[in-house]
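One structure is given here, and the rest of the page talks about it.
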Amino acid sequence: MNAIAQLKKDITPEGQDYETVREVIELITEEYRDQPSLEMLADRLGQSPTQLQKTFTRWAGLSPKAFLQAVTLDHAKRLLRKEDLPLLETSFEVGLSGPSRLHDLFVTHEAMSPGEWKARGSGLVMRYAFHISPFGLALIMVTDRGLAGLAFSDSGNEKACFADMTCRWPNAEFIEDPHATAPYAARIFERSNWTSDQPLRVVLIGSDFQLRVWESLLKIPMGRAVTYSDIARDIGQPTAMRAVGAAVGRNPISFVVPCHRALGKNGQLTGYHWGLTRKRAMLGWESGDT
């Protein structure tokens, strides 16, 4: 890959930040109407309010209060109706010069041919490893053409996560190689490495319809969101919302191809292949840099 960044430290400094965030998100989801205070959340987690404050500031650059606001339905609705959201069909023209791209990942992508996709990975070598990320364990899978897979797992579910990803390309050869994947982990999850002069190379492997949906997702800037019907219109099939939803769910490169920024018509988070708690976490984390 172009990037030469290496992991200098664990992405989550003490290894438990995402676990804390996950528990908080689950608590506020269950007790949303009560609007739990920082003191209440800290008590439920067996931490002091100061500890919880430091965790969120380290993890997302946000206070717990600001983070809780960022994962509410009202915030999701605001993402959908931001007046400065470029139309999907024009956002590539805005490109790197647009202010909404200032803190984005800077991705360049290519698609494998229909023949390569139909071969279901035959002749393809994928190198993989699990890495610590802000959203739990990240399974990163790369080919000599770039990043091909990014999935997430909670501790103890690594085998199921790996099986989920490898079944997409059953004829490929998979080689565990953390040295090959570590630069990608650093490039994706360390914001200081998000630079336009070293774009993240991504290779998309899917059907023609899936590719069009995933390419549409790549147009959504950080700090924005679109609906499934927006995506359907963007790819020229305005009545195909259900098929669009299925394609979004099959996105093999989570977070980088930002399927977490696709919401229901009224701002509902709807489904997410790696769990709604993780989707809320991603939207909240991104709010700390927009």
**Message:** Quick test of your reading: applying salt bridge (charged side-chain N to carboxylate O under 4.0 Å, His left out), list the pairs with at least one residue in residues 130-152, sequence neighbours left out, ordered by first then second residue.
**Reply:** E110-R145, E116-R145

**Asked** Under the salt bridge (charged side-chain N to carboxylate O under 4.0 Å, His left out) rule, what pairs show up with a residue in residues 117-130, not counting sequence neighbours?
**Response** R127-D177

**Prompt:** Does any donor atom in the side chain of T181 or H131 lie under 3.5 Å from an acceptor atom in the other side chain?
**Reply:** yes

**Item:** Modelled atom types, side-chain donor and acceptor of S229 and T227, under 3.5 Å
**Value:** yes

Nearest-0.5 Å distance, [atom1] of residue [X] to [atom2] of residue [Y]:
X: S48; Y: Q53; atom1: OG; atom2: CD; value: 10.0 Å
X: I188; Y: I140; atom1: CD1; atom2: CD1; value: 4.5 Å
X: M141; Y: R168; atom1: CE; atom2: CZ; value: 9.5 Å
X: I253; Y: L217; atom1: CD1; atom2: CG; value: 11.0 Å
X: I220; Y: H260; atom1: CD1; atom2: NE2; value: 8.5 Å
X: M282; Y: T277; atom1: CE; atom2: OG1; value: 11.5 Å

**Fill in**
Across all chains, not counting sequence neighbours, the ring-ring contact (aromatic ring centres under 6.0 Å, His included) partners of Y228 are none

**Request:** Could I get the full list of ring-ring contact (aromatic ring centres under 6.0 Å, His included) partners for Y128, not counting sequence neighbours?
**Result:** F162

**Asked** Residues in side chain to side chain contact (heavy atoms under 4.5 Å, CB included) with E173, at least two apart?
**Response** V125, I175

**For W285, the option from F135, Y18, F189 that meets ring-ring contact (aromatic ring centres under 6.0 Å, His included)** = F135

Distance-minimising heavy-atom pair for [X] and [Y]:
X: E39; Y: P49; value: CG-CG, 4.1 Å
X: E286; Y: R261; value: OE2-NH2, 2.8 Å
X: L211; Y: I205; value: CD2-N, 4.4 Å
X: A119; Y: N171; value: O-ND2, 3.1 Å

**Message:** Grouping I, L, V, M, F, W and Y whenever their side-chain heavy atoms are under 4.5 Å apart, do M241 and F209 come out in a common cluster?
**Reply:** no

**Asked** Would R22 and E19 pass as an ion pair if we require N to O under 4.0 Å?
**Response** yes

**Request:** Would you confirm whether W214, through its side chain, and A247, through its main-chain N or O, come within 3.5 Å as a donor-acceptor pair?
**Result:** yes

**Request:** State whether the side chain of S216 and the backbone N or O of R212 hold a donor-acceptor pair below 3.5 Å, judged by distance alone.
**Result:** no

Distance-only donor-acceptor hits, side chain of residues 147-156, under 3.5 Å, sequence neighbours excluded:
residue : atom : partner : partner atom : Å
S153    : OG   : N157    : O            : 3.3
S153    : OG   : E158    : N            : 3.4
D154    : OD1  : R278    : NH2          : 2.7

